[in-house]
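Counting convention: from 1, in listed order, for ligands and their atoms alike.
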Amino acid sequence: MSTLKAEKITLPGLPYALDALEPVISARTLELHHQKHHDAYVVNTNRLVAGTELEGKDLITIINSSARETKYSALFNNAAQVFNHSFYWRCMSPKGGGEPHGEIARRLEEDFGSYEEFVETFVAAAVTQFGSGWAWLVLHDEKLEILKTSNADTPILHGHTPLLAVDVWEHAYYLDYQNRRIDYLRAFMAKLVDWDFVNSNLSDITK
Ligand code: MN
């Protein structure tokens, strides 16, 4: 019997300062998003998993095991949002955005025709996600695909490997852009996307 205490799910720190993404994403938005929204998903996950058969499991196991069980729907929503947000923070960099480099540049050209066509398709998916959710660039059967997911839904449930995510819940952009989701998305693509992170997600798989 292990005497180790079960690990709790924790809130990861941001990989940059709160004001590092200004003016695209304000410090106020980042603070609320990370320290209120993301933190609440962490707190709720730990509260909802306590006393269940999933207590002490890692986050991915909790997500996969709670996804299709009605009794765990609240747990799933919170756990998947913990994963989605932890992933989203790493998709951005103060020095990011614009044309990609490395393996992802080659693959975007191969699967979408050009970087520009990829951007148009990705932004269109993110703009047309009705209500709250996410847009993703994923790898599926060795091909790049763009997906949108509703609410907390996450590509890892569907056998897709996430490479890039953008949060299109209103809390991600409303203070900075009000209802202009498209302006947030254009700025995200032009100024924030961390292609090093996207490339590292690709090389994790192809190794
Ligand atoms: Mn969010």
Side-chain angles (χ1 to χ4, degrees), residues 9-49 59-60 62-63 66-67 72-94 96-97 122-138 146-158 160-194 197-198 201:
I9 304 301
T10 54
L11 180 70
L14 288 171
Y16 29 71
L18 281 176
D19 62 358
L21 304 183
E22 291 194 337
V24 179
I25 295 178
S26 65
R28 180 76 178 133
T29 290
L30 210 50
E31 184 182 22
L32 282 166
H33 200 170
H34 179 252
Q35 293 170 21
K36 302 291 180 196
H37 291 275
H38 191 175
D39 186 60
Y41 296 130
V42 170
V43 169
N44 288 333
T45 298
N46 285 317
R47 180 174 55 78
L48 291 163
V49 83
L59 186 63
I60 304 298
I62 294 173
I63 291 168
S66 62
Y72 286 141
S73 65
L75 174 59
F76 168 76
N77 284 332
N78 282 280
Q81 283 290 77
V82 171
F83 173 86
N84 290 347
H85 284 87
S86 303
F87 190 86
Y88 167 64
W89 307 132
R90 301 182 65 199
C91 289
M92 300 186 283
S93 156
F122 187 83
V123 167
V127 166
T128 57
Q129 166 53 38
F130 187 76
S132 296
W134 299 80
W136 305 84
L137 176 68
V138 300
I146 291 167
L147 287 187
K148 38 187 177 177
T149 59
S150 288
N151 300 319
D153 193 14
T154 186
I156 58 174
L157 259 191
H158 309 288
H160 298 87
T161 304
L163 303 175
L164 172 69
V166 65
D167 187 340
V168 295
W169 286 56
E170 283 187 343
H171 65 224
Y173 62 87
Y174 206 85
L175 287 178
D176 299 329
Y177 298 89
Q178 290 80 52
N179 60 326
R180 300 185 310 277
R181 187 191 283 186
I182 191 157
D183 291 355
Y184 155 68
L185 292 164
R186 295 255 174 238
F188 173 87
M189 296 308 305
K191 306 279 188 196
L192 296 185
V193 175
D194 186 347
F197 178 63
V198 178
N201 293 327

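- Annotation for Arg181: atom CZ counts as buried by contact number, over 12 foreign heavy atoms lying within 6.0 Å.
- Its N, O or S atom nearest to the Mn ion (ligand 1) is what matters here, and for Asp167 that atom is OD2.
- The nearest N/O/S atom of His85 to the Mn ion (ligand 1) is NE2.
- Remark: at the Mn ion (ligand 1), atom NE2 from His33 and atom NE2 from His171 enclose 100°, rounded to the nearest 10 degrees.
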Using side chain to side chain contact (heavy atoms under 4.5 Å, CB included), reason through Thr29 and Tyr184 one step at a time and then give a plain yes or no. CA-CA 12 Å; Thr29 290; Tyr184 155 68; over 6 Å; no

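- With sequence neighbours left out, Arg47 forms a salt bridge (charged side-chain N to carboxylate O under 4.0 Å, His left out) with no residue at all.
- A side-chain contact (heavy atoms from CB on, under 4.5 Å) with Tyr41 holds for exactly one of Leu11, Asn78, Asn77; it is Asn78.
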